[in-house]
Amino acid sequence: MAPGLIETESAPAAPADALRQLNEVTAGFDDTLRFYLNGTKVTLDNADPEVTVLEYLRGIGLTGTKLGCAEGGCGACTVVVSQFNPTTKKIYHASVNACLAPLVSVDGKHVITVEGIGNVKRPHPAQERIAKGNGSQCGFCTPGIVMSLYALLRNTDAPTEHDIEEAFDGNLCRCTGYRPILDAAQSFSVKTGCGKAKANGGGGCCMEKNGANGGGCCKTNGANSDDQPIKRFTPPGFIEYKPDTELIFPPQLRKHEFRPLAFGNKRKRWYRPTTLQQLLDIKNAHPSAKLIGGSTETQIEIKFKGMNYSASVFVGDIPELRQFNFNDDHLEIGGNVVLTDLERICEDAVEHYGKERGQPFATILKQIRYFAGRQIRNVGTPAGNLATASPISDLNPVFVATNATLVAKSLKETKEIPMSAFFKGYRQTALPPDAIIASLRIPVAKEKGEYIRAYKQSKRKDDDIAIVNAALRVALDDEHTVQDVSLVYGGMAPTTIVAKKATDFLHGRKFTDLQTLEGVMAKLEEDFDLRFGVPGGMATYRKTLALGFFYKFYHEVLAGLNADEAEVDTQAIGEIERDISSGWKDGKAAEAYKQSEVGQSKSHVAAMQQTTGEAQYTDDIPLQRNELYGCLVLSTKAHAKLLSVDAEAALDLPGVAAYVDHKDLATPESNWWGAPSCDETFFAVDEVFTAGQPIGMILADTAKHAEQAARAVKIEYEELPAIFTIEEAIQQESYFQHFRHIKKGDVDKAFEEADHVFTGTARMGGQEHFYLETQACLAVPKPEFGEMEVYSSTQNPAETQAYVSKVLGVSANKINARVKRMGGGFGGKETRSIQLAGIVAVAANKTRRPVRCMLNRDEDIITSGQRHPFLARWKVAVNKDGKLQALDADVFNNGGWSQDLSGAVVERALSHIDGVYSIPNVYVRGRVAKTNTVSNTAFRGFGGPQGMFICETFMEEIADHLNIPAEKLREINMYSPEGNMVTHFNQEIKDWYVPLMYKQVQEESEYSRRRAEIEEFNKTHKWNKRGLAIIPTKFGISFTALFLNQAGALVHIYHDGSILVAHGGTEMGQGLHTKMTQIAAEALQVPLESVFISDTATNTVANSSSTAASASSDLNGYAIYNACEQLNERLKPYREKLGPGASMKDLAHMAYFDRCNLSAQGFYKTPDIGYVWGANTGQMFFYFTQGVAAAEVEIDTLTGDWTTRRADIKMDVGRSINPAIDYGQIEGAFVQGQGLFTTEESLWQRSTGGIFTKGPGNYKIPGFRDIPQVFNVSLLKDVQWENLRTIQRSRGVGEPPLFMGSCVFFAIRDALKAARKQFGETSVLHLQSPATPERIRISCADPILKRAWVEPKQGEKSFFISI
């Protein structure tokens, strides 16, 4: 979707005579779908025309395939569709987004789901290796990742490392940091998986010896071809991968006759022609029938914009439209050739026509490489791309620039339309209503003198829509005079557009004259004179990209001309390329203290269930009898009075059972919720305070019916003034009644006496949790006593129980809140899950029927809150020697419309604002801004990262002011036993190893050598710059609310010696249950397999704290240990009788018959803590988890593009209970932190007051190709932890590593300093977070940026708001 451009609302209604004609044309069509599913034939005589493949699969119980976003952007729904490809004439196994694919698209094909390739007892090697390689944490994204790998293995006998690296460009994971997934997948690659590979102890694979392009693999070369299956190296203990044992392509499908199809109901009908003639007949009868190839755009329109296409025509099975021809002067491709095939065709075309004449196809190839993910490329087509006329299409500029011709066919005529005349306006084309795009003719380039290049810049490298793209072409004569030129851009106007003035200027000019470059740049400024508030925003950035692309193109052409008369800026040529990523972990970190179970690296206990799709999440729970689906009715205004809410039209729609709102609660008081301040309503009453606030809920027999009805609820508003940003809140003094401060020493005196006083601001944006499983709940009312079972994807079962009992008006003992696992949480399900659970419970209570609701991704983002944006105004005193003397700061966070946990978040920011540095005099104050945005909430780190970011920002800027290296300033100010070990909140730091790790990371990463190399690189590279940064961290572990630092556990030993453990913590992928089973197994001296944790429920462990604050292993681990100690005491006499080798089965048997209690309840509360705000007394945290990370980046200052070249991380986690789990937490947190500080930017639309970045389409979490190219992680070892009194002397690890991702941000800042210095800018750089490509580019100081700078006119505001 183009940023900020107008969206269509409804499809034109089909006239009755058109439908009648259509029915006549298709009267002989079949109405039965036939396909294979996991090897079994399926025949559907009455297929629902509105369901997607995903809805069908989940509807029949194949719930391994997940719904993550419903827009084809996350890959959680990936399945493989095997088919005979009419383009290549081969069987192809296509990874496909099941959430987008219409059911009609699988007729005559073989659908393979994660359940079809293996199970826990007999897993597929891909499933097993990802599970055992720790490539699964929450597991929600895992089935989709497994299926992407499976598709690659089915299509490629010998995948290269590069094939593996790019196989997952359509998949996202929020937990793992991707490294373990890639490591597991690389075991299948030719190089890594070859028995001869050096990695496997061999003398060297032929691919290693010959290079990636040096003749290929000996196993696939003709000379050695003996048709034997490739013998790959199988890692020890793993199943061997044998391609010949895969699910075969059903022989019946080879003979399948593709019949034309027509099926549906009154609301919607599908047509599937199988010949071009049938399609033209349909289009003639019904010109407005919606043609669908990959459905990659249409399904999004249906799902998120409420579009209804009553007549849809699937055109993917017409062989005539999927052919291609190499002609003498052009390549002709069928309109429906899928983009994956177009890649192969373009590769062949470059070979066929030669490098010079094949330039248009090399250009297409380059653009496809970063076009969406593989799942989209497997179904998307050029015709679909052209017909939707997106202004940011990557391919359309190439088609226009190369003077391609579109062949449009209708029943009456065949028409050739030049691409230069095809786009008429926003989403409007010259295609006649009754015509289809039959083919595209792309001319070859001239043998000599013609140059064609394409460019694209987006927020993230892979699978992202362009901010700006371009295809630039110039044809020169022998004198280098311009004969023909096309400068075509996307993202600069409502359509793909030619830079007309620049094009006209270039005609007839001598290209090698440097005045030509200056003239074109000036004309491009006129062509793209964007105003500050332009739709889509980023006016300066987009303009610099337009100029920067031409600058790159100009010098690329000059380099090709080898002309003496012009100086080539060779450093502007090309773009940043990534190497194959790799990583190292210290596998021996726990050697000194590992025991039989604890200290061992064990896979996640449910990893195999997750990789096989057997792991059950909330929405996977089988359908209950009489179940209803809920869909929220949400406010569309940021602040308004509710004049009327009318659900009558909605209640009249088919399948709708009820409408629920505030009138259905037990009492008006029970509508209020929130902790610690009860200031939020489940349902809005008279006024709404944010876009996305729940007003009601529609209940219906299907999720689709509920969605349709929710849109039919009529709401009248009277808009009121709204506040969005922290700055606006400060100006209007809009705050919550929560004020905190920490004061130590005499700040004023220190400022008077210090050598220097510096001031500044630190600003950072929020962050969307983007857990792959959205908020979900199922409430099942019981027939007696007002009881209810509530299955919720929550980190906080106890609070869920408390508020459900409140809204129903029953006591808490009637409510059982349960959670087996979450598909990610990160703090976003600590309080915000309560909102949905309360509403669903009210709905179930009203109807006395089970009610289920799983939010769509956009609903989740607009209702559930984010990490708090922060603003700090700081003042720091420092002496000449660099020693800090005082800090004074006002710290503000954006709480949103209700308080939620915002007060506690600002408190933690204040307690972490010292970073790891001793500052003798501190006075810091914290306020929570009250705005009309979504209520912001807990997120991994909980204010700690924001506080430390403020600290590291002033450290960086002070170092620049003093002209000393930031690394040095950090080192001389660290807490140390020789100096000071007491924080500004008067807590003594113990077991302090940050200085040691700071030294070790610099040594192990060869920091000083690389610093010298980078300085040399930056001297010799004008446009590409590298940067390096090292960031230390200390993170306080404990809830700051004292009463939450407690936990309970229940341990049962059964007759057969098996053990059931229940505790108050919840599993969200962090491996808590795995660690807890290890602790129980170690304590009771049994193997891990004997211990089981079923789920977390309020009827087994009461009054539990939320699973948060990185304290869950500490709290629940000790509670379990406490219960096990009681049991060990009781079992002592039986151990003495039976001897030390007795099994638990024998012990339990004897104890049972001796009437010994084999159940124990454990309890633990954290000792010593209890901080008092204001007085600044008492201990705030039980201990600090510590770490250090260094990162190196490279940026392209002409585009803002960047990559992390390397990261080295060392964490002090004490004695690790499970190093494999801890490494997973460190890698995942680091990459999540990197996202927070770089690619992840939340934006609000000024015109609507609603959040714009509400899905993977425009909110960019890091992908597989965004992680550090070299990613090294180690744990601190060979030290003593004398004061650590935690379970097994381990430290909490969930949150602390997240802030270390900021070392990427500070490395970018380091590179930007070099970029600014290049052009004489030496002022101190104030860099806001996140450092997006836009921010990187506009922080430079080059002449191109200066000439493209766009200033706002008086009163003009930006299109987007950053809150």
**OP:** Quick one: closest heavy-atom pair of V1001 and K1210, and the distance?
**Re:** CG2-CB, 3.7 Å
Subject >> Matching residue for D888 among R873, R925, K875 - test: side chain to side chain donor-acceptor pair (under 3.5 Å) >> reply: R925
Original post:
Can any side-chain N or O of H868 pair as donor or acceptor with the backbone N or O of V906 at less than 3.5 Å?
Top reply: no
Original post:
Would you find more than 12 non-hydrogen atoms of other residues, nucleotides or ligands less than 6.0 Å from D881 atom CG?
Top reply: yes
Subject >> D1342/R1337 ion pair, N-O < 4.0 Å >> reply: yes
Subject >> Minimum side-chain heavy-atom gap V747-V922 below 4.5 Å >> reply: no
**OP:** Of all the heavy-atom pairs spanning I950 and A872, show the shortest one and how long it is.
**Re:** CD1-CB, 3.5 Å
Original post:
Between D1266 and K461, is the closest basic N to carboxylate O distance under 4.0 Å?
Top reply: no
**OP:** Could you check N894 against T931 for side chain to side chain donor-acceptor pair (under 3.5 Å), going step by step and ending with a plain yes or no?
**Re:** CA-CA 7 Å; N894 191 331; T931 61; 2.6 Å; yes
**OP:** With side chain to side chain donor-acceptor pair (under 3.5 Å) as the test, would you mind laying out the steps for Q1186 and T1033 before giving the verdict?
**Re:** CA-CA 6 Å; Q1186 305 152 35; T1033 187; over 6 Å; no
Original post:
Which pair of heavy atoms, one from L1325 and one from S1339, lies closest together, and at what distance?
Top reply: CD1-CB, 4.1 Å
**OP:** Would you please say whether a donor-acceptor pair under 3.5 Å links the side chains of W874 and D890?
**Re:** no
Original post:
Is the shortest heavy-atom distance from the side chain of R763 to the side chain of I726 under 4.5 Å?
Top reply: yes
**OP:** Could you verify whether a donor N or O on one side chain and an acceptor N or O on the other, from E1194 and N1024, lie under 3.5 Å apart?
**Re:** yes
Subject >> Polar contact flag, side-chain donor to acceptor under 3.5 angstrom, R179-S581 >> reply: yes
**OP:** Using modelled atom types only, decide if a donor and an acceptor are shared between the side chain of D1310 and the backbone of L1028 within a distance under 3.5 Å.
**Re:** yes
Original post:
In terms of ring plane angle, is the pair F1184 and F1181 parallel, tilted or perpendicular, where the classes change at 30° and 60°?
Top reply: perpendicular
Original post:
Listed by chain and number, what are the side-chain contact (heavy atoms from CB on, under 4.5 Å) partners of K749, not counting sequence neighbours?
Top reply: D746, E753
Subject >> Non-hydrogen atoms of I730 and L871 that approach each other most closely >> reply: CD1-CD2, 3.7 Å
Subject >> Close side-chain approach of M764 to L1236, heavy-atom, < 4.5 Å >> reply: yes
**OP:** Give every residue pair that meets the salt bridge (charged side-chain N to carboxylate O under 4.0 Å, His left out) criterion with at least one member in residues 963-972, sequence neighbours excluded.
**Re:** E952-R970, E956-R970, E967-R1011
Original post:
Who passes salt bridge (charged side-chain N to carboxylate O under 4.0 Å, His left out) against E988, sequence neighbours left out?
Top reply: none
Subject >> R1291 and S1216, any side-chain heavy atoms less than 4.5 Å apart >> reply: no
Original post:
Do any pairs count as a side-chain hydrogen bond (donor to acceptor under 3.5 Å, both in side chains) and have a residue in residues 973-983, sequence neighbours left out, and if so which ones?
Top reply: D914-Y975, S918-N980
Original post:
Looking only at heavy atoms, which two atoms of P1333 and K459 are closest? And how far apart?
Top reply: CG-O, 3.8 Å
Subject >> Nearest-0.5 Å distance that lies between atom CD in Q1225 and atom SG in C175 >> reply: 8.0 Å
Original post:
So does E1003 have more than 12 non-hydrogen atoms from other groups sitting under 6.0 Å from CD?
Top reply: yes
Subject >> Spatial distance of atom CD1 (I913) from atom SG (C951) [nearest 0.5 Å] >> reply: 7.5 Å
Original post:
Checking side chain to side chain contact (heavy atoms under 4.5 Å, CB included) for the pair I958/V876: CA distance, chi angles, key distance, verdict?
Top reply: CA-CA 8 Å; I958 289 166; V876 176; 3.4 Å; yes
Subject >> Lys NZ or Arg CZ of R174 over F770 ring: under 6.0 Å, within 45° >> reply: no
**OP:** Would you mind telling me which of F826, F939, Y1259 makes a ring-ring contact (aromatic ring centres under 6.0 Å, His included) with H769?
**Re:** F939
**OP:** Could you check F870, F1305, F1299 and say which one makes a ring-ring contact (aromatic ring centres under 6.0 Å, His included) with F949?
**Re:** F1305
Original post:
Going through the checks in order, is the side chain to side chain contact (heavy atoms under 4.5 Å, CB included) test met by H741 and V924?
Top reply: CA-CA 6 Å; H741 73 276; V924 288; over 6 Å; no
Original post:
Are any side-chain N or O atoms of N936 and backbone N or O atoms of G865, one a donor and one an acceptor, separated by less than 3.5 Å?
Top reply: no
Original post:
What pairs with N1176 under side-chain contact (heavy atoms from CB on, under 4.5 Å), at least two apart in sequence or on another chain?
Top reply: I742, K744, F985, N986, Y1171
Subject >> Test: E768 and R867 ion pair at under 4.0 Å >> reply: no
Subject >> Side chains of S1274 and K585 in contact at under 4.5 Å (non-hydrogen atoms) >> reply: no
**OP:** Over 60° means perpendicular and under 30° means parallel, so classify the ring planes of W1281 and Y993, tilted if in between.
**Re:** perpendicular
Original post:
Minimum heavy-atom separation for F1230 to A1207, with atom names?
Top reply: CZ-CB, 3.8 Å
Original post:
Do T1238 and W1202 come within less than 4.5 Å of each other through their side chains, counting heavy atoms only?
Top reply: yes
Subject >> Exercise: do S1242 and E1240 side chains pair donor with acceptor under 3.5 Å >> reply: no
**OP:** Evaluate the side chain to side chain donor-acceptor pair (under 3.5 Å) criterion for residues H738 and S902: first the C-alpha distance (whole Å), next the side-chain angles of each, then the deciding distance (0.1 Å), finally the verdict.
**Re:** CA-CA 9 Å; H738 186 97; S902 303; over 6 Å; no
**OP:** Apply side chain to side chain contact (heavy atoms under 4.5 Å, CB included) to M1300 and M1211, showing your working.
**Re:** CA-CA 10 Å; M1300 296 200 301; M1211 288 296 295; 3.0 Å; yes
Original post:
Looking at residues at least two apart in the chain, or sitting in another chain, which of them share a side-chain contact (heavy atoms from CB on, under 4.5 Å) with T1020?
Top reply: E1016
Original post:
Would you say the side-chain atoms of E1227 and T176 include a donor-acceptor pair closer than 3.5 Å?
Top reply: no
Original post:
Are the charged groups of K883 and D755 less than 4.0 angstrom apart, N to O?
Top reply: no
**OP:** May I ask you to test the H961-V1324 pair for a side-chain heavy-atom distance under 4.5 Å?
**Re:** yes
**OP:** Take I1261 and T1239 through the side chain to side chain contact (heavy atoms under 4.5 Å, CB included) test and state the conclusion after the steps.
**Re:** CA-CA 6 Å; I1261 72 170; T1239 56; 5.9 Å; no
Subject >> Flag, side chain of Y1223 to backbone of D586, donor-acceptor distance under 3.5 Å >> reply: yes
**OP:** Would you mind checking if E1192 and R1205 are paired as a salt bridge, meaning a charged N to carboxylate O distance below 4.0 Å?
**Re:** yes
**OP:** Kindly indicate whether the side chain of L962, heavy atoms from C-beta on, has any atom under 4.5 Å from the side chain of V878.
**Re:** yes
**OP:** Determine, stepwise, if the pair R940 / Q1232 fulfils side chain to side chain donor-acceptor pair (under 3.5 Å).
**Re:** CA-CA 9 Å; R940 196 179 202 165; Q1232 200 171 61; 3.1 Å; yes
